[in-house]
Amino acid sequence: MERDIKTLLAQMTLEEKASLCCGDGFWNTTALPQHGIPAMILTDGPHGLRKQLGTADHLGLNESIKTTCFPTAAGTAASWNRELINKIGVALGEECQAEDVQIILGPGANIKRSPLCGRNFEYFSEDPYLSGQMAASHIKGVQSQGIGTSLKHFAVNNQETRRFNIDAVIDERTLREIYLASFEGAVVEAQPWTVMCAYNKINGEFCSQNKTLLTDILKNEWGFEGFVVSDWFAVSERDKGLAAGLDLEMPTSAGIGKQTILDAVKNGTVSESLLDEAAERILRIVFRSMDGKKQNAVYDKTAHHRLAKDAAAESMVLLKNKDKILPLSKSGSIAVIGGFAKQPRYQGAGSSHINPTRIDIPYEEIEKAAGEAVIRYSAGYALDNETVDGAMINAAKETAARADVCIVFAGLPERMDSEGKDRKHLRLPENQLIVIEEIAKVQQNTVVVLSNGSAVEMPWEGAVKGILEAYLGGQAMGSAVAGILFGDINPSGKLAETFPVKLSDTPCYINFPGEKTKVEYREGIFTGYRYYDKAGVEPLFPFGYGLSYTDFAYSDLRLDKKEMPDSGELSVSVTVKNTGTVTGKEIVQLYVRDVESGVLRPPKELKGFEKVELKPGEEKAVAFTLTKRAFAYYHTGLADWYVESGDFEIMIGTSSQDIVLTETVHVTSTVKEKKNYTIDSTLADIKDEPAAAPLLAMMSGNLKGGEELGLDLDALFSSIKIQSLIAISGGKMTMDTLRQMLNEMNG
Ligand code: BGC
């Protein structure tokens, strides 16, 4: 419906406009019935709908209505399946329509800086491209149903420790290339209706009142059309927030926020036009949600449960399958060990906590899927504490020893995958660790099924034959696990994060979670695999890794050109073939490497991926298109993305560490990098400048001799400062001649 929002705004009082910019209640925006403006409900999200009818809270403490619990983002990202995530989004949108919710909070696009972050289960990846793509697919799915999303938590909210006031100190290039890029991809591609600002500060300024972040970058540079909402209770000074681009404060601040805005507009510290702009952004979304409202909407709970199962199955990553221990035979005897088999871990703790419509219990699903096989169960460990119980362990060992094969369900209890708290270590609970180790001693055919929202250390990895990372698989996790264990489903997930051997191997180990109120991102752009690659640290399982019950072969990598300007497009294609005996899905990954660079760059970066399904013997060509951003780094001097002219390798990998095919393209920059030589520059800096040629020739002539002393004249020569030439030349060169030369070179 066409509405004249400007005319409507002109009819509204200052007070009405200010109240529109402040929540009314825990989950509602303010209604202005006199202007035909209803309240909207914004509620969590992201992997299911959390609508509270009774007492409201932002920590997942009180009851919410029953809705479908899908796998959390850590899992869905491991599917690398845009279409699947889009379908989950559609289902979430349908549930919102049925439950009269207008905006479902999420997805979370924060980067996994450390596996210790308590909320990693809610985030997609350590890689900004993958994370942005997954977030965009989620947003498009939800919004296709006339329901809004809230991309969160913008930005650099990568830890739970002191999440309300931590100051993330970060350099601009890292901010742009890693932490903002994940949001940028989602905003530019999917236009979420809202973006939720984070609690923390960036370089000294709260996100909720950070103009560079909310206005200059998000709205002006990326063209974000929706409104910015605060994370719950993130507002510090409402007037400064409004001036910075924070449109809506949530939840209600009992009139305080509104009064602060009114005072600021009246005393001129914030202009009324800024308030109008915020109100206009909010109104546009209110009207969009009114137009998108479907009357008498219902959804199919069974179909959504089925989708939750498909999603869970694709989210799981087969990490180890020695001697093809999996899939299991449907005969013989199977020991099932671990409390999680009967009380599954399938979601994280905190504001995303869902009250599921039903739950598939892994143990029951295994019984159903096992055919003739005899199943015996033993708990092995307690779920609510870490005490090692000798009697429980002995009983579990006995059950395991009597069977042909043993499945141990292990993972992190909910208290360790939790909003508001980071983990202190990457170990499994002590009692689970001991159970796995003890069982592996008596049963050589042991498979561990893990339920956790983020990487764990596996000192027992060498002692077991199979490892299935099931992540937090949502309400249908149990049936998906059973399907994979018995081969009814072929696993197809690959890690969207690196699993380190030990915590001290992780990129920000020394600087996480910071000291006092500050955390410094000293590892810079080297997050995740960018660090492991660069530092040569061997991970336990690399980014992009995951096994299948079939095999794939790659051939025929083709680039449509050998050279191009950075304004051009590169078409890449590669053929993938299923060389095994069962149908499977492969995730084809494309990485780009700048062969030689004048600035620090990661050895490779993910710039494309596709998931393809192939029957045995079938092959398909997979196509990618690469544009400037795939080759660029963020140039802080230019304040823009910049491609340094040179060769770039296009690498196709089955993981970040298994590159199977490589081709090279030469890309030429169309942007002139501004030169800024000064008298403090060195001879090495100007060595390629034509204007410097006579000077350099003269200098190298003067510096003849010395080789016999073993001196590296080139190195000595290169490090000389231009200003020093005045003294070195005995005054023959003057400051004036040098400046003239510098001016010429700087253009
Ligand atoms: C969380 C958000 C959540 C909000 C509302 C906050 O504490 O950080 O992710 O959407 O509460 O529950």
Main-chain N/O of Phe121 paired with Thr72 side-chain donor or acceptor, under 3.5 Å = yes
Donor-acceptor pair, side chain of Asn203 and main chain of Ile170, under 3.5 angstrom | yes
Test: Arg530 cationic atom under 6.0 Å from Phe543 six-membered ring centre, within 45° of axis = no
Does atom CD of Gln34 have more than 12 heavy-atom neighbours, drawn from other residues, nucleotides or ligands, at distances under 6.0 Å?
-> yes
Least distance between heavy atoms, Asp247 atom then Arg238 atom | O-NH2, 2.8 Å
Look up atom CG in Asn355 and atom NZ in Lys51, then write down how far apart they are to the nearest 0.5 Å.
-> 14.0 Å
Hey, is CD1 on Ile510 packed in by over 12 heavy atoms from elsewhere, all under 6.0 Å?
-> no
Would you mind reporting whether Thr215 and Asn220 have side-chain heavy atoms less than 4.5 Å apart?
-> yes
Exercise: do His153 and Arg119 side chains pair donor with acceptor under 3.5 Å = yes
Aromatic Tyr521 / basic Arg113 pairing, under 6.0 angstrom, 45° off normal | yes
State, without any angle test, whether Thr670 and Asp566 hold a side-chain donor-acceptor pair at a distance under 3.5 Å.
-> yes
Short question: side chain of Arg162, backbone of Lys516 - any donor-acceptor pair under 3.5 Å?
-> yes
Can you name the closest pair of heavy atoms from Pro46 and Pro107 and give their distance?
-> CB-CA, 4.1 Å
Do the non-hydrogen side-chain atoms of Val229 and Ile103 ever get within less than 4.5 Å of each other?
-> no
Pair Leu180-Leu213, side chain to side chain contact (heavy atoms under 4.5 Å, CB included): steps then yes or no = CA-CA 9 Å; Leu180 293 190; Leu213 191 69; 3.9 Å; yes
Backbone N/O of Lys294 and side chain of Gln97: donor-acceptor pair under 3.5 Å | yes
Output for pair (Tyr633 OH, Glu644 CD), nearest 0.5 Å, gives 5.5 Å
Spacing of CG belonging to Leu42 relative to OG belonging to Ser289, to within rounding of 0.5 Å | 9.0 Å
Give a yes-or-no answer on whether the side chains of Thr625 and Glu569 include a donor-acceptor pair shorter than 3.5 Å.
-> no
Gln52 side chain vs Asp57 backbone, donor-acceptor pair below 3.5 Å | yes
Mind checking side-chain hydrogen bond (donor to acceptor under 3.5 Å, both in side chains) for Asn28 and listing every partner two or more places apart, or none if nothing turns up?
-> none
Does the side chain of Arg423 come within less than 4.5 Å of Leu116's, by heavy atoms?
-> yes
Looking at CD1 of Ile202 and OG1 of Thr212, how far apart are the two atoms once the value is rounded to the nearest 0.5 Å?
-> 9.0 Å
Verify, without hydrogens or angle tests, whether Ser230 (side chain) and Met250 (backbone) share a donor-acceptor contact under 3.5 angstrom.
-> yes
Counting only N and O atoms by type, is there a donor-acceptor contact under 3.5 Å from the side chain of Tyr199 to the main-chain atoms of Trp232?
-> yes
Residues Thr498 and Tyr529: closest non-hydrogen pair is OG1-N, 3.7 Å
Can you name the nearest heavy-atom pair linking Glu189 to Lys140, along with the distance?
-> OE2-NZ, 2.9 Å
Can you name the nearest heavy-atom pair linking Ala181 to Arg629, along with the distance?
-> CB-NH2, 4.1 Å
Is the backbone N or O of Leu49 less than 3.5 Å from a side-chain atom of Thr67, with the two atoms forming a donor-acceptor pair by type?
-> yes
Do other residues, nucleotides or ligands put more than 12 heavy atoms under 6.0 Å from the NZ atom of Lys604?
-> yes
Would you check, one step at a time, whether the test side chain to side chain contact (heavy atoms under 4.5 Å, CB included) holds for Ser114 with Gln159?
-> CA-CA 8 Å; Ser114 165; Gln159 64 187 59; over 6 Å; no
Student check: side-chain heavy atoms of Val228 and Lys219 closer than 4.5 Å = yes
Got Tyr642 and Asp640 here, is their nearest side-chain heavy-atom distance under 4.5 Å?
-> no
Counting only heavy atoms not in Gln11, do more than 12 sit closer than 6.0 Å to its CD atom?
-> yes
Going by atom types only, do Asn165 and Thr517 share a side-chain donor-acceptor pair under 3.5 Å?
-> no
Which atoms form the tightest heavy-atom contact between Glu122 and Ala73, and what is the distance?
-> O-CB, 3.4 Å
Flag yes if more than 12 heavy atoms outside Tyr509 fall under 6.0 Å of its OH atom; otherwise flag no.
-> no
Taking only residues two or more places apart in sequence or in another chain, which ones pass side-chain hydrogen bond (donor to acceptor under 3.5 Å, both in side chains) with Ser567?
-> none
Taking the side chain as C-beta and beyond, is there a heavy-atom pair between Cys197 and Leu214 under 4.5 Å?
-> yes
From Phe154 CZ over to Tyr179 OH, what is the distance, rounded to the nearest 0.5 angstrom?
-> 14.5 Å
Answer with yes or no whether the side chains of Asn267 and Thr269 bring together a donor and an acceptor at under 3.5 Å.
-> yes
Spatial distance of atom OG1 (Thr194) from atom CG (Leu248) [nearest 0.5 Å] | 8.5 Å
Between the main-chain N or O of Ser131 and the side-chain N or O of Ser182, is there a donor-acceptor pair closer than 3.5 Å?
-> no
Do Cys117 and Asn158 touch side chain to side chain, with heavy atoms closer than 4.5 Å?
-> no
Residue pairs passing the salt bridge (Lys or Arg N to Asp or Glu O under 4.0 Å) test with at least one member in residues 87-101, sequence neighbours excluded, are Asp100-Lys293
Full working for side chain to side chain contact (heavy atoms under 4.5 Å, CB included) between Glu160 and Asp422 | CA-CA 6 Å; Glu160 291 301 282; Asp422 293 319; 3.4 Å; yes
Step by step, work out the side chain to side chain contact (heavy atoms under 4.5 Å, CB included) result for Ser352 and Gln347.
-> CA-CA 8 Å; Ser352 64; Gln347 64 173 331; 5.6 Å; no
Can Glu205 and Lys211 be said to form a salt bridge (Lys or Arg N to Asp or Glu O under 4.0 Å), step by step?
-> CA-CA 9 Å; Glu205 184 62 279; Lys211 180 171 172 291; over 6 Å; no
So, does Asp44 use its side chain to make a donor-acceptor pair with the main chain of His353 at under 3.5 Å?
-> no
Start with the C-alpha gap between Trp193 and Phe287, add the side-chain angles, then the distance that decides, and say whether ring-ring contact (aromatic ring centres under 6.0 Å, His included) holds.
-> CA-CA 12 Å; Trp193 288 12; Phe287 292 135; over 10 Å; no
Any side-chain heavy atom of Arg176 within less than 4.5 Å of one from Ile217?
-> yes
